Amino acid sequence: MQLSVIIVNYNVRYFLEQCLYSVQKACRGLKAEVIVVDNNSGDNSVEFLSSGFPSVQFLINNENLGFARACNQGWQRAKGEYILFLNPDTIVPEDGFEKCLSFFQTNPDAGALGVKMLDGSGKFLKESKRAFPSPLTSLYKLCGLAKLFPRSRTFARYHLGHLDENKNNEVDVLAGAFMMIRREVLEKVGSFDETFFMYGEDIDLSYRIQQAGYKNYYFAGTSIIHFKGESTRKGSMNYVRMFYRAMSVFVKKHYGGSRAGVFNFLIQTAIWFRALLTAMGTFIRRAGLPLIDAGLILLSFWLMKNVWNEYVRTDIHYENKLLWIAFPAFTIFYLISAYYAGLYDRWYKRSELVRSTLIATLVLLAAYALLPEQYRFSRAIILFGALLAFVLISLLRWLLVKTEVLNSDKEKEDRYTTVIAGNADEYRQTMELLQVAGLQQRILGRVDPAGSDANSLGSVNKLTQLTSTVPFREIIFCEGKLSFADIIKNMQQLPRGTIAKIHAEGSQSIVGSCSSNTAGETVTKENGFKLADPYNRRLKRLIDTSLALLALITFPVHLFLVKKPGSFLANCFTVLLAQKTWVGYAIPDKSLPQLKPSVLASNGIPATTTQQLPKESLQMMDYWYARDYEPATDLKIIRKMYRKLGGE
């Protein structure tokens with residue numbers, strides 16, 4: 001056996017799917033084996049892929065054992081003369097493995113090698129070549145000198161910025177995303193240190209390989225795509241904690257005395273600084289944004305009230321008791337409008353802010369007119385307060401987008417201008433997948449691999465020139481007529497700001513990532529589920545809570561109409577607390593948009609009742625429910641099965 005490829009997977013089944021297609025092509029002509037170690041993924045990775053890749057060995061863990069330990073499980077099973085540790089979010093060229101093995105044969109001093117890695121937009125990843133993280137090297141990186149002087153031998157040593165990325169070089173550290181090692185070296189120095197859960201284990205192994213007298217090489221003769229950061233989001237607190245903890249473990253293991261003390265001080269400083277920034281960004285994205293908006297809305301109304309009293313209607317006095325009730329009530333109403341308009345979704349849309357502000361203001365003004373005279377105050381305070389709040393929130397969103405805490409809708413909309421690179425059959429197959437996903441409207445046309453088809457927009461080899469006539473911002477490369485090597489080569493030629501995605505022949509997905517700093521995206525048939533749309537999910541939750549509250553308020557009436565009123569009352573509370581939903585799936589299925597346990601199944605049968613239909617029929621009904629979901633569907637099922645909301 002020449003080569004054993006070991007891949008550790010954790011919840012990235014579609015990226016792993018594309019990776020395995022490329023690995024299979026790269027293994028042709030070699031005596032090779034592929035071992036996938038699944039770290040208890042919750043996305044049915046093994047079930048989804050095992051039938052499509054019968055030659056792949058799948059090792060399944062019942063818990064997430066971490067990258068190092070899972071790699072060692074694969075290593076214990078491996079039989080190859082060379083061992084490749086490969087990330088699941090990578091794409092390798094057809095001739096990549098063969099070139100790496102040839103390099104080993106012509107360089108007997110090489111103990112291990114890494115390759116040139118590119119991110120999802122075709123840009124070089126500096127992590128492809130690194131030095132050991134000495135105290136000074138780390139300090140230069142942490143304080144920003146490495147970024148200011150990216151080619152400096154001294155300041156940019158962490159990523160060896162002075163070395164040409166297009167030339168082979170001896171380096172200190174290889175990236176665990178692609179690390180090919182001689183078996184004899186691993187048998188001598190040992191595999192990954194399981195003290196490292198994730199991150200740092202590649203630095204430690206690279207260090208031990210050098211200490212044993214072997215050399216680590218950066219091999220520029222082949223390139224891979226690494227959709228970096230899919231298993232652990234780079235900007236998350238979890239990433240910060242694991243990465244810097246790994247650095248601390250490495251220092252304690254290999255550095256002693258004052259050097260270790262200095263290094264640990266720098267690491268702890270970096271941990272607290274990065275953790276603070278990450279925590280602030282995470283808080284703002286997940287929970288803090290509505291709170292900040294609430295503060296700005298309250299401030300706006302209060303300022304308008306003071307301005308109106310001070311400069312316009314100086315003869316009117318407003319009761320503080322009235323204001324303390326009215327302004328918070330206005331604020332809550334604006335926040336609810338913003339939520340259901342989608343202002344707190346992943347992408348910021350200015351149109352959502354305009355729509356929510358306009359609707360809330362008009363409704364408040366209309367409701368205001370119905371209030372008794374003693375509870376009214378000037379409409380101008382509401383109108384100008386809403387306008388000031390709109391301006392302040394707009395400025396806040398602009399600042400958050402500029403600092404990359406939020407993603408702007410402009411970035412999202414730019415990617416809706418897409419071309420497909422492939423022949424006519426590949427274009428048709430990709431369009432079918434996009435149609436199921438509900439994304440076909442973004443396609444501008446087809447780019448021909450050979451450039452000889454008069455019905456295409458142009459040639460893949462002339463993408464730069466094509467952007468001047470066709471305003472596309474995204475390209476989907478179809479593997480088939482184009483090889484993986486062709487795709488990787490063309491990705492490096494993409495105009496700045498153009499996003500690339502890849503669809504392997506025979507696969508059920510399209511994958512891509514804007515850059516090394518953003519989460520990857522997948523396009524599958526699951527994108528076509530209406531129930532996955534945030535807007536529909538909000539409406540579903542609104543239906544759940546509204547009906548639960550209404551039922552609790554009118555519960556004495558239901559005592560005489562609903563079977564098992566005690567169970568019905570319990571269901572009202574669990575739905576209100578978001579532990580259940582009124583209507584959901586008959587059979588839990590991780591391939592569908594996730595829902596809480598249901599009171600009624602998608603066919604209207606109470607969840608506590610044994611279903612008489614076969615499992616396949618129930619799964620199909622659940623699929624249709626998720627795919628074609630309409631809020632009215634829930635209302636219709638609840639109305640029809642009202643008497644059984646407490647069970648049979």
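Please read these numbers as outputs of a predicted model, since none were measured by experiment.
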Which residues pass the salt bridge (Lys or Arg N to Asp or Glu O under 4.0 Å) test with Glu81, not counting sequence neighbours?
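Glu81 satisfies salt bridge (Lys or Arg N to Asp or Glu O under 4.0 Å) with no residue once adjacent residues are dropped.
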Set of salt bridge (Lys or Arg N to Asp or Glu O under 4.0 Å) partners for Arg183, sequence neighbours left out
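With neighbours one apart ignored, the set is Glu187.
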When you check the side-chain N and O atoms of [X] and [Y], is any donor under 3.5 Å from an acceptor?
{"X": "Glu165", "Y": "Ser128", "result": "no"}
{"X": "Lys215", "Y": "Asn107", "result": "no"}
{"X": "Thr90", "Y": "Asn87", "result": "no"}
{"X": "Asp622", "Y": "Ser602", "result": "yes"}
{"X": "Asn455", "Y": "Tyr427", "result": "no"}
{"X": "Ser507", "Y": "Gln18", "result": "yes"}

Taking the six-membered ring for Trp, are Phe67 and Phe192 closer than 6.0 Å centroid to centroid?
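Here the rings of Phe192 and Phe67 have centres that are less than 6.0 Å from each other.
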Tell me if the centroids of the rings in Tyr629 and Phe529 come within less than 6.0 Å of each other.
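Ring centroids of Tyr629 and Phe529 are no less than 6.0 Å from each other.
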Give the table of side-chain donor-acceptor pairs shorter than 3.5 Å for residues 29-38, with sequence neighbours excluded, one pair per line with atom names and distance.
from	atom 1	to	atom 2	distance (Å)
Glu33	OE1	Gln57	NE2	3.1
Glu33	OE2	Ser4	OG	2.5
Glu33	OE2	Lys79	N	2.7
Asp38	OD1	Asn9	ND2	2.6
Asp38	OD1	Ser41	OG	2.7
Asp38	OD2	Asn40	N	3.3
Asp38	OD2	Ser41	N	3.0

Taking the basic N atoms (NZ, or NE/NH1/NH2) and the acidic carboxylate oxygens, is any pair closer than 4.0 Å for Lys123 and Asp119?
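Result for this pair is no, no salt bridge flagged.
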Main chain of Ser102, side chain of Thr106: is a donor-acceptor contact present, judged purely on distance under 3.5 Å?
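Flag set: sc Thr106 to bb Ser102 pair under 3.5 Å.
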Taking Asp43 for its side chain and Arg13 for its backbone only, find out whether a donor-acceptor pair lies under 3.5 Å.
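At least one qualifying donor-acceptor pair exists.
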For the pair Phe103 and Phe219, name the ring-plane relationship: parallel under 30°, tilted 30 to 60°, perpendicular over 60°.
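Tilted, since the angle between the ring planes falls between 30° and 60°.
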Plane angle bin for Phe178 and Phe97 - parallel if under 30°, tilted between 30 and 60°, otherwise perpendicular
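Taking Phe178 first and then Phe97, their aromatic rings sit tilted (interplane angle of 30° to 60°).
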Worked check of side-chain contact (heavy atoms from CB on, under 4.5 Å) between Leu174 and Asp202
CA-CA 7 Å; Leu174 302 175; Asp202 49 1; over 6 Å; no
